[in-house]
Colleague: 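Could you have a look at this structure, given as structure tokens, before my questions?
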Amino acid sequence: MMKDYDIAILVVAAGRGSRAGAGLPKQYRPLAGRPLLAHTLSALLKIAADARVLTVIHPDDHGLYDDCLTSLDKVHAERLLVPVHGGETRQESVRAGLEALASSQFPPHIVLIQDGARPFPNEPLIVRACAAALDHGAAVPALLVIDTIKEVDEGGKIVATPARSALRAVQTPQAFRFDLILEAHRKAAEAGENGLTDDAAIAEWAGHAVHVFEGEIDNMKVTSAEDLAVAERRFLKDLLDVRTGQGYDVHAFGPGDHIWLGGLKVPHDHALVGHSDADVLAHAITDALLGAIGDGDIGSHFPPSDPKWKGAASEIFLAAAAEAVRARGGMIAHIDATVVCERPKIGPHREAIRESIAKIVQIPVDRVAIKATTSEHLGFTGREEGMASMALATVRLPL
Ligand code: MG
């Protein structure tokens, strides 16, 4: 990257994404183990090593945004600015981001405005964007249109066939001299101009010549549920290092009226005894995850000798192990665990336990299996002196 100018990348992620179907806003949907927006931020921080990155988010999405940050490289993430809140429209959201940059200590010289739902930017594209902004003041990545485009009326009748050679499909990042696009956005807002759908249109509206530079065919925008599936397949192709870890844990019964299993409180006529909350299942899965990434065990991360962990909720340990997988750029493909006890009966709680674990490790519930068995009254579990649990975790890491 060139270093003689100051670049900020504004990532627009405040939308609700209704075209991708029900559920989370699309930019927070998990794809190959982490949210779509985390893929976008991770790619930008990595390939634009001199840029600050500011994300515009919906005011309701702070928790979702914070979840995105857990999977980012810690050194790269230092260039992320505190997110700002977007407005009712994309135009308002971008302006909120530009104003935040304008009031920062060092407003940038160049700003690249990127859709949060375009997770495949590459370095040549960013280099071209910066060069085009310097050369022209306002420029957008564009591709030649391959299909013939027809203009139709409301009845579906074709009314015009524009010359294909003059058409371009436009992507992001759109690239601008910062003062130019800030001024254009301010003018449009003052004029009550609200119907402009991209930043190039705002620069055009303000009277600036906007140029195109070469886009990238792979720089897809994720809009529909089908796009989510296509994007996930592309990410999975990078996670070829498949590993399995195993974990095993035992806790003794003592007095009490409930036990913890996978972060779920289960009524019982005894409790399990331990330094933490003695969640035998969460401990086995935590060790399986740590085993899969070769990162010690639960005792080395959360030593029982440390008073900090006395009575601790084991979901902290489990969540930390899952985060360690994400921090490696990986995903948890599957968790399969068995609980060994005569009582309590696990069956009635199985689905709730699966859901609890899925939520803690942030994967879909269909990637979590929980099984239970007695030991036919044999051994310490058979004598109801305690419970045991075994777990396998399969993770996929970048090769
Ligand atoms: Mg334990």
Side-chain angles (χ1 to χ4, degrees), residues 243-326 332 334-347 349-350 352-363 367-375 378-395:
R243 301 180 180 197
T244 302
Q246 61 101 9
Y248 174 71
D249 195 34
V250 170
H251 281 274
F253 280 125
D257 61 5
H258 67 273
I259 59 174
W260 291 94
L261 284 178
L264 188 80
K265 190 175 181 177
V266 175
H268 189 47
D269 53 17
H270 284 80
L272 288 171
V273 182
H275 187 71
S276 65
D277 65 4
D279 186 332
V280 68
L281 177 58
H283 293 182
I285 297 170
T286 301
D287 263 355
L289 289 169
L290 293 172
I293 57 171
D295 189 9
D297 62 16
I298 192 168
S300 60
H301 287 266
F302 309 101
S305 55
D306 187 339
K308 184 161 71 172
W309 306 119
K310 184 161 175 51
S314 297
E315 66 179 74
I316 297 169
F317 311 150
L318 185 51
E323 189 175 327
V325 175
R326 287 192 295 275
I332 301 166
H334 189 242
I335 288 169
D336 181 20
T338 301
V339 177
V340 186
C341 61
E342 301 296 325
R343 292 184 314 120
K345 286 275 169 252
I346 303 302
H349 306 288
R350 184 203 309 271
I353 292 170
R354 287 177 76 201
E355 278 165 24
S356 171
I357 291 164
K359 188 158 177 263
I360 294 165
V361 303
Q362 297 176 29
I363 63 174
R367 291 179 181 272
V368 179
I370 299 300
K371 308 181 307 298
T373 184
T374 71
S375 53
L378 298 171
F380 70 88
T381 52
R383 294 188 297 269
E384 297 194 46
E385 294 165 5
M387 286 176 69
S389 186
M390 289 169 283
L392 286 176
T394 307
V395 308

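When a ligand or atom number is given, it counts from 1 through the structure's own listing order. Note that the numbering runs from 1 along the sequence shown for the chain.
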Colleague: Establish, from distance only, whether the side-chain atoms of S314 and D277 form a donor-acceptor pair under 3.5 Å.
Modeller: yes

Colleague: Run the ring-ring contact (aromatic ring centres under 6.0 Å, His included) test on F253 and H268 for me, step by step, so that the C-alpha distance in whole Å, both residues' side-chain angles and the decisive distance to 0.1 Å come before the verdict.
Modeller: CA-CA 10 Å; F253 280 125; H268 189 47; 5.3 Å; yes

Colleague: Answer yes or no for D279: is there an N/O/S atom below the 2.8 Å cut-off from the Mg ion (ligand 1)?
Modeller: no

Colleague: Measure up the F317 and H283 rings against each other and bin them: parallel (under 30°), tilted (30 to 60°), perpendicular (over 60°).
Modeller: tilted

Colleague: Has the side chain of S300 got a donor or acceptor atom that lies under 3.5 Å from a matching backbone atom of G296?
Modeller: no

Colleague: Quick check for you: with the Mg ion (ligand 1) as the vertex, what angle do NE2 of H251 and ND1 of H283 span, to 10°?
Modeller: 90°

Colleague: For the Mg ion (ligand 1), give me the closest N/O/S atom belonging to D249, just the atom name.
Modeller: OD2

